[in-house]
Q: 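Structure provided below as structure tokens; questions to follow.
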Amino acid sequence: MHLFDTMQNRFVELDLRESGHVSIYACGPTVYDVPHLGHARTALTYDILKRYLQWSGYTVTLVSNITDIDDKIISRSAEEGISEHDLTTTYTKIYIQQLREFGIADPDHRPQATEYVSEMIEIISRLIHQEAAYEIVGSGVYFSVNAFDGYGALVGRTAGDLRESAQARITSDEEKEDPLDFALWKAAKPGEPTWESPWGPGRPGWHIECVAMSLDILGDGFDIHGGGTDLAFPHHENERAEAEASGHAFARHWMHSAMLNVNGEKMAKSLGNFRTLGDALKEYGSRSLKLAMLQAHYRSIMELSDETMAGAIGGIERIDAFFRRMRGAGIEKSSISEGMKQRFVAAMNTDMGTPDAIGVIFETISGGNSALDGENIDDAEVALATVTELLSVLGLDQIDQDTDSDIDSLLSKREIARTKRDFAAADKIRNLLQDKGVEIEDTPDGPIWRRL
RNA sequence: GCGUCGGUGCCCGAGCGGCCUAAGGGAGCGGCCUGCAAAGCCGUACAAUCGCGGGUUCAAAUCCCGCCCGGCGCUCCA
């Protein structure tokens, strides 16, 4: 499988630490609010990657963290007058629950930052020992960017470049040796949650938690580190510096998924333009939302407008109509089409090309529908098997047809009326069901129905 | 400002030197099927053209140069 590696800035063949096993660390959210669609898009990217790799025969370990200590959490809990712990517990629960509703499988591990403070302290101690970090008494411990060759390489820049473009922004922090140096440990301020450390009470700094958690669970030199593009710098670059300067081999590959925009702007809590996952799930349903997201490549910016969603809802309807029709005709799955499977695999192997992969599925659906029209049962069976299999790889499995004896009995009454050519009576039943939100589709094999 | 990614039909969105007379989805139109619908199928218009202008090449949406426009990043954001 080829993926675009941010660090190498090109497409590379996945080069695994251990053949047959893929270890992935995907940066999760800071839980101070409900998840929005952007979080969902990123989580979906790594969920699909995992599903696809597993389907391809790999063993996959996916770790996705929850960051439950940072400045925003502290200020939000102060605003709401509840403890940091209560705040993060609440939002962690909501995050997990809504991702499940969205149809994203739980990662294999979901570590929380606050459970890893002692590991973080250990890494910081080692960094100080290696002279890659220094303490400023009363302020905290800082990473010394000068001690790490190639700082900035993840985003294709040099420390010099960064210093230059940082000048305008950074309020040159008094005692830091270099304006690029960043906090590893922050000395306690009144009223903040704190942990004991060799440098006095304080709390973790720049995303050292991800280093501690990824190395602890996945080990040195794990395969893929991912997250949203907004994390590439400084978040991920700082992690890389921390890990490698402390003597650990870090991620072999870096992946970044693109932002989800609203009216041309990044969806973000800070911009106040976000749409929550919960609301979107209610409005569009999980499968439509997933289809919409997967119809855009994970590395391209996508707009999620009502028009986009209308398109995706139509797509899901097409998929479901296909299954209803096959079921109604009594078609059973047979073996899957090798040709279509190969095209699907080729699309996915090319940097996880889900839009192309979905194109292959829709073409199979068209082929299956045509086959059924032509009473070519063998081909219809192959199409049904293929569509079922490939959709499951993308987590877009069909919803099971529900059963309802009341509807069935009304349907048979209508069929009797229709045989008698009493269309007035037949249409009355159809309207009745329509009012109940049930739509009838007549097929040569009898009527089928669906809930609207 | 610096860096980076991108600008493809009515909308979304693939394609990234010849297979492009530009995939796939949605919306439109015509036909078939149907008692009528729905679903499906077939056909079809929308891209004589892929932001604009140059260039390279036998050949460019695809490569190069310039310009315009937009996203993201440049200290705690997925």
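Note that the coordinates shown come from a computational prediction; the quantities given were computed from them, not determined experimentally. Reminder, nothing fancy here: chain letters follow the sequence lines and each chain counts from 1.
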Q: Exactly one of A:Thr354, A:Asp351, A:Thr42 should register a side-chain hydrogen bond (donor to acceptor under 3.5 Å, both in side chains) with A:Tyr298. Which one does?
A: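 That would be A:Asp351; it is the only one of A:Thr354, A:Asp351, A:Thr42 passing the side-chain hydrogen bond (donor to acceptor under 3.5 Å, both in side chains) with A:Tyr298.
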Q: Scan for ring-ring contact (aromatic ring centres under 6.0 Å, His included) pairs involving residues 342-397 of chain A, sequence neighbours excluded, and state none if there are none.
A: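 Qualifying pairs, neighbours excluded: A:Trp55-A:Phe344.
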Q: Using a cut-off of strictly less than 4.0 Å between a heavy atom of the residue and any atom of RNA chain B, enumerate the qualifying residues of residues 203-214 of chain A by number.
A: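 Correct list: A:Trp206, A:His207.
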Q: So which protein nitrogen or oxygen atoms get under 3.5 Å of nucleotides 38-40 of chain B's nitrogens or oxygens?
A:
residue	atom	partner	partner atom	Å
B:A38	O2'	A:Glu439	OE1	3.1
B:A38	N1	A:Asp442	O	3.0
B:G40	O3'	A:Asn369	ND2	3.1
B:G40	O2'	A:Arg325	NH1	2.9
B:G40	O2'	A:Asp373	OD2	3.1

Q: Please classify the nucleic acid contact of A:Ser305 as base, sugar-phosphate, or nothing, using heavy-atom distances under 4.0 Å.
A: nothing
Q: Within the structure, does a side-chain N or O atom of A:Lys266 lie under 4.0 Å from either OP1 or OP2 of B:G73?
A: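 The answer is yes; a side-chain N or O of A:Lys266 sits under 4.0 Å from OP1 or OP2.
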Q: May I ask you to decide whether A:Asp5 forms a salt bridge with A:Arg10, counting only side-chain N to carboxylate O separations under 4.0 Å?
A: no
Q: Looking at B:G24, B:C76, B:A78, which one has an atom nearest to any side-chain atom of A:Asp71?
A: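 Between B:G24, B:C76, B:A78, the one nearest the side chain of A:Asp71 would be B:C76.
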Q: So for atom CD, which belongs to A:Glu375, do other residues, nucleotides or ligands contribute more than 12 heavy atoms lying within a distance under 6.0 Å?
A: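 Not more than 12 within 6.0 Å, no.
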Q: Contacts to RNA chain B from residues 385-394 of chain A, heavy-atom cutoff under 4.0 Å, which residues?
A: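 Close to the strand, none.
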Q: Stem finding on RNA chain B, please: runs of three or more consecutive Watson-Crick or G-U wobble pairs, both distances under 3.5 Å, sorted by first number.
A: B:1-7 with B:68-74, B:10-12 with B:24-26, B:28-32 with B:40-44, B:51-55 with B:63-67
Q: Should the pair A:His236 and A:Trp254 be assigned to parallel (<30°), tilted (30 to 60°) or perpendicular (>60°) ring geometry?
A: tilted
Q: Base of B:A48 relative to its sugar, syn (within 90° of 0) or anti?
A: syn
Q: Salt bridge between A:Asp47 and A:Lys50, side-chain N to carboxylate O under 4.0 Å?
A: no
Q: Taking atom types as they are modelled, would you say the side chain of A:Arg430 forms a donor-acceptor pair with the base of B:C36 within the 3.5 Å cutoff?
A: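 Answer yes: a donor N or O sits under 3.5 Å from an acceptor.
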Q: Choosing from B:C76, B:G71, B:U75, which nucleotide comes nearest the side chain of A:Lys186?
A: B:C76
Q: Under 4.0 Å, counting only non-hydrogen atoms across every strand here, what does A:Asp427 touch: a base, just sugar-phosphate, or nothing?
A: base
Q: Could you please name the option among B:G35, B:C72, B:C77 that lies closest to any side-chain atom of A:Thr229?
A: B:C72
Q: Inspect the contact between A:Arg287 and A:Asp397 and indicate whether a charged nitrogen and a carboxylate oxygen are less than 4.0 angstrom apart.
A: no
Q: Is a donor on one side and an acceptor on the other found under 3.5 Å between the side chain of A:Tyr46 and the backbone of A:Gly227?
A: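 Here the side-chain-to-backbone pair exists.
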Q: Check every strand shown and say whether A:Ala312 touches a base, only sugar-phosphate, or nothing at a heavy-atom separation below 4.0 Å.
A: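 No contact at all - A:Ala312 keeps every heavy atom at 4.0 Å or more from the nucleic acid.
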Q: B:U75, B:C36, B:G24: which one has an atom nearest the side-chain heavy atoms of A:Arg414?
A: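 Nearest nucleotide to the side chain: B:C36.
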Q: Between the protein and nucleotides 13-15 of chain B, which nitrogen or oxygen pairs come in under 3.5 angstrom?
A:
residue	atom	partner	partner atom	Å
B:G13	O3'	A:Gln295	O	3.4
B:A14	OP1	A:His297	N	2.8
B:A14	OP1	A:Ser300	OG	3.1
B:A14	O2'	A:Asp356	OD1	2.2
B:A14	O2'	A:Asp356	OD2	2.9

Q: Heavy atoms under 4.0 Å, any strand shown: does A:Gly374 hit a base, just sugar-phosphate, or nothing?
A: nothing
Q: Looking at every strand, decide which applies to A:Lys420 at a 4.0 Å heavy-atom threshold: base, sugar-phosphate, or nothing.
A: nothing
Q: Would you call A:Arg163 and A:Asp178 a salt bridge, using N to O less than 4.0 angstrom?
A: yes
Q: So, are A:Asp320 and A:Arg327 salt-bridged, with charged N and O less than 4.0 Å apart?
A: no
Q: Between A:Lys428 and A:Asp422, is there a side-chain N and carboxylate O pair less than 4.0 Å apart?
A: no
Q: Report, as yes or no, whether the 6.0 Å neighbourhood of atom CD on A:Glu283 holds more than 12 heavy atoms from other residues, nucleotides or ligands.
A: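 Enclosed: over 12 neighbouring heavy atoms sit under 6.0 Å from CD of A:Glu283.
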Q: From the set B:C72, B:U75, B:C12, return the single nucleotide nearest to any side-chain atom of A:Thr308.
A: B:C12
Q: Under 4.0 Å between a side-chain nitrogen and a carboxylate oxygen: does that hold for A:Asp404 and A:Arg451?
A: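 Yes, charged N to carboxylate O under 4.0 Å.
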Q: Just call it for A:Leu260: base, sugar-phosphate, or nothing, with non-hydrogen atoms closer than 4.0 Å on any strand.
A: base
Q: So, under a plain 3.5 Å distance rule, would you say the side chain of A:Lys72 forms a donor-acceptor pair with the base of B:C76?
A: no
